[in-house]
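The chain is numbered in sequence order, starting from 1. Heavy atoms only: backbone and side chains are in, while hydrogens, waters and symmetry mates are out.
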Amino acid sequence: MLKQIEGSQAIAQSVAACSPEVVSAYPISPQTHIVEALSALVKSGKLGSAEYINVESEFAAMSACIGASAVGARTYTATASQGLLYMVEAVYNAAGLGLPIVMTVANRAIGGPINIWNDHSDTMSQRESGWLQLFAENNQEASDLHVQAFRIAEELSVPVMVCMDGFILTHAVEQVDVPEKEQVEKFLPPYTPRVVLDPADPITIGAMVGPEAFTEVKYLQHVKQLQALELIPKVQAEFQEVFGRDSGGLVRPYRIEDAETVIVAMGSVLGTIKDVVDQRRDKGEKLGVLGICSFRPFPFEQVAKYLGGAKRFVCLEKAFSLGIGGIVASHCRSALSRAGKSVRDYEVIAGLGGRNITERSLDQMLDQVAADQLEHLTFLDLDQELVEAELEREKATRRSGPISENIQRHATQRANAARGI
């Protein structure tokens with residue numbers, strides 16, 4: 001049903017249409033509205049006999065999900081940022097046990113310093129956990145991906161994170177065609193677990209595995225990721241048949257056929273990038289966009305296909321590896337290397353901690369690319385004055401104080417001076 005609705009509410013209604021039997025929740029911004037809405041649906045009886053478990057921490061939330069999924073219940077939770085880190089041990093356990101839990105991650109920066117705004121550092125930190133990671137560009141795709149996530153998770157018996165940008169999407173009110181339960185039932189079959197604790201057929205879940213078998217167990221987790229590469233496009237196609245719209249998949253190419261420069265990105269920033277590309281296309285520039293929906297598993301073949309014909313690509317990333325650089329960019333280079341191709345690349349780190357990524361900044365960055373003046377690793381809109389002032393402070397005195405507080409104080413003083421305060 002077409003609704004003008006907040007992103008979080010749309011996600012809650014999409015999840016509800018999938019008839020979860022257990023929802024385990026601990027609130028943390030910016031995912032709180034999702035689990036609040038689900039709690040109201042459970043209380044009203046609109047989710048039938050579904051059980052809503054209030055827990056005392058994110059670790060407990062994932063632990064409860066593990067227990068519920070292990071006994072054969074369709075299970076859901078949501079988290080963000082430090083909450084995801086707090087449940088890390090259980091996150092790895094869920095994947096290692098092959099439990100098809102679906103979890104929304106409302107992407108938010110990881111502290112310190114404390115920051116509640118959006119970037120991708122939380123889910124990037126869990127890229128090797130064994131979970132599939134699907135990134136949504138907008139609230140329609142986020143809503144649709146949750147329905148697909150249950151199908152993918154349960155067919156492969158692997159957990160899936162649906163990643164959507166915190167506040168930018170979770171708190172945005174826009175038009176969303178929210179999946180109806182009747183439609184979902186045509187697409188999502190009843191849950192038949194591969195792993196289930198049953199007193200009539202006793203098994204051990206979570207046994208210790210020694211060196212003689214550990215490699216094989218981890219290899220089979222790798223195989224599941226490879227199987228997901230085949231399954232995700234099939235699920236996407238079946239979803240389009242039932243719902244009449246194309247959402248999800250591995251990658252989302254845009255105006256890429258003759259592009260000499262391709263911008264690679266994930267999440268909501270793709271909308272702004274496409275606007276800039278359209279404007280520059282009107283001026284004759286051959287630009288394209290490659291949106292990556294499936295970060296885990298990473299679609300090496302598809303990325304190489306779309307980047308291999310370009311002269312260069314720019315990877316715009318909302319997270320990075322300290323001391324190294326772009327994470328997605330390194331994956332893209334690996335994809336091209338596997339295909340025997342070499343394309344000039346740029347790594348642009350942007351939007352950290354919720355900093356706006358504006359059309360103006362993207363235009364300036366693309367002007368530098370066109371003039372061959374952009375550094376290989378660039379931090380978009382980096383305030384070099386603040387950085388240099390802090391480096392000088394550290395040179396001047398041993399007891400220079402905490403960087404985060406110094407930077408914030410300097411920035412505030414400068415802003416106040418500009419306003420005459």
How about Lys286: does its NZ atom have over 12 heavy atoms from other parts shown lying under 6.0 Å from it?
no
Run Lys3 and Asp177 through salt bridge (Lys or Arg N to Asp or Glu O under 4.0 Å) and show every step you take.
CA-CA 6 Å; Lys3 300 179 181 181; Asp177 191 351; over 6 Å; no
Any salt bridge linking Glu301 with Arg338? Criterion: basic side-chain nitrogen under 4.0 Å from a carboxylate oxygen.
no
Verify salt bridge (Lys or Arg N to Asp or Glu O under 4.0 Å) between Asp122 and Lys318, making sure each step is shown before the conclusion.
CA-CA 10 Å; Asp122 50 5; Lys318 286 189 171 185; over 6 Å; no
For Glu359 and Gln279: C-alpha separation, side-chain torsions, deciding distance, then whether side-chain hydrogen bond (donor to acceptor under 3.5 Å, both in side chains) applies.
CA-CA 10 Å; Glu359 291 186 6; Gln279 294 162 17; 3.2 Å; yes
Where do Asn115 and Gly353 come nearest, in terms of heavy atoms and distance?
ND2-O, 3.1 Å
Any chance CZ of Arg360 has more than 12 other-residue heavy atoms, nucleotides or ligands included, within less than 6.0 Å?
no
Atom CD of Gln384 with >12 non-hydrogen neighbours under 6.0 angstrom:
yes
CA sep, side-chain torsions, deciding dist, call: Gln183, Lys186, side-chain hydrogen bond (donor to acceptor under 3.5 Å, both in side chains)
CA-CA 5 Å; Gln183 286 179 302; Lys186 295 178 183 177; over 6 Å; no
Neighbour count above 12 (heavy atom, 6.0 Å) for Phe243 CZ
yes
Can you list, pair by pair, the side-chain donor-acceptor contacts under 3.5 Å of residues 99-106, counting residues two or more places apart and other chains?
from, atom 1, to, atom 2, distance (Å)
Thr104, OG1, Tyr76, OH, 2.6
Thr104, OG1, His146, NE2, 2.6

Between Arg74 and Glu21, is the closest basic N to carboxylate O distance under 4.0 Å?
no
Salt bridge (Lys or Arg N to Asp or Glu O under 4.0 Å) between Glu238 and Lys234, intermediate numbers included:
CA-CA 6 Å; Glu238 291 182 32; Lys234 293 178 182 177; over 6 Å; no
Would you check, one step at a time, whether the test side-chain hydrogen bond (donor to acceptor under 3.5 Å, both in side chains) holds for Asp144 with Gln140?
CA-CA 6 Å; Asp144 295 343; Gln140 183 65 68; 3.2 Å; yes
Does Glu285, at its CD atom, have more than 12 non-hydrogen atoms belonging to other residues, nucleotides or ligands within less than 6.0 Å?
yes
Please list all pairs meeting ring-ring contact (aromatic ring centres under 6.0 Å, His included) that have one or both residues in residues 1-40, counting only residues at least two apart or in different chains.
His33-His171
Can you find a pair of side-chain heavy atoms, one from Val314 and one from Val264, that are under 4.5 Å apart?
no
More than 12 heavy atoms of other groups within 6.0 Å of Glu388 CD
yes
Any carboxylate oxygen within less than 4.0 angstrom of a Lys/Arg side-chain nitrogen, looking at Arg108 and Asp165?
no
Other residues, nucleotides, ligands: >12 heavy atoms within 6.0 Å of Ile114 CD1:
no
Per the ring-ring contact (aromatic ring centres under 6.0 Å, His included) rule, what does the pair list look like for residues 316-346, sequence neighbours excluded?
Phe295-His331, Phe298-His331, Phe320-Phe379
Side-chain H-bond candidate by donor/acceptor type, Asn107 with Thr123, under 3.5 Å:
yes
Let me know which of Asp372, Val369, Asp345 forms a side-chain contact (heavy atoms from CB on, under 4.5 Å) with Arg312.
Val369
Using a strict cut-off of less than 4.0 Å between a Lys/Arg side-chain nitrogen and an Asp/Glu carboxylate oxygen, indicate whether Arg355 and Asp383 qualify as a salt bridge.
no
What verdict does the salt bridge (Lys or Arg N to Asp or Glu O under 4.0 Å) test give for Arg280 and Asp367, after you've listed the backbone C-alpha separation in whole Å, the side-chain angles of each residue and the deciding distance to 0.1 Å?
CA-CA 10 Å; Arg280 296 178 78 102; Asp367 287 343; 2.7 Å; yes
Basic-acidic side-chain contact under 4.0 Å: Glu155, Arg194:
no
Under the 3.5 angstrom rule, does the side chain of Ser69 hit a backbone N or O of Cys65 as a donor-acceptor pair?
no
NZ/Lys341: more than 12 non-hydrogen atoms of other groups inside 6.0 Å
yes
For the side chain of Gln31 and the backbone of Thr170, is there at least one donor-acceptor N/O pair under 3.5 Å apart?
no
With no hydrogens and no angle check, just 3.5 Å: does a side-chain donor-acceptor pair link Gln221 and Lys224?
no
Side chains of Leu362 and Thr358: closer than 4.5 Å at any heavy-atom pair?
no
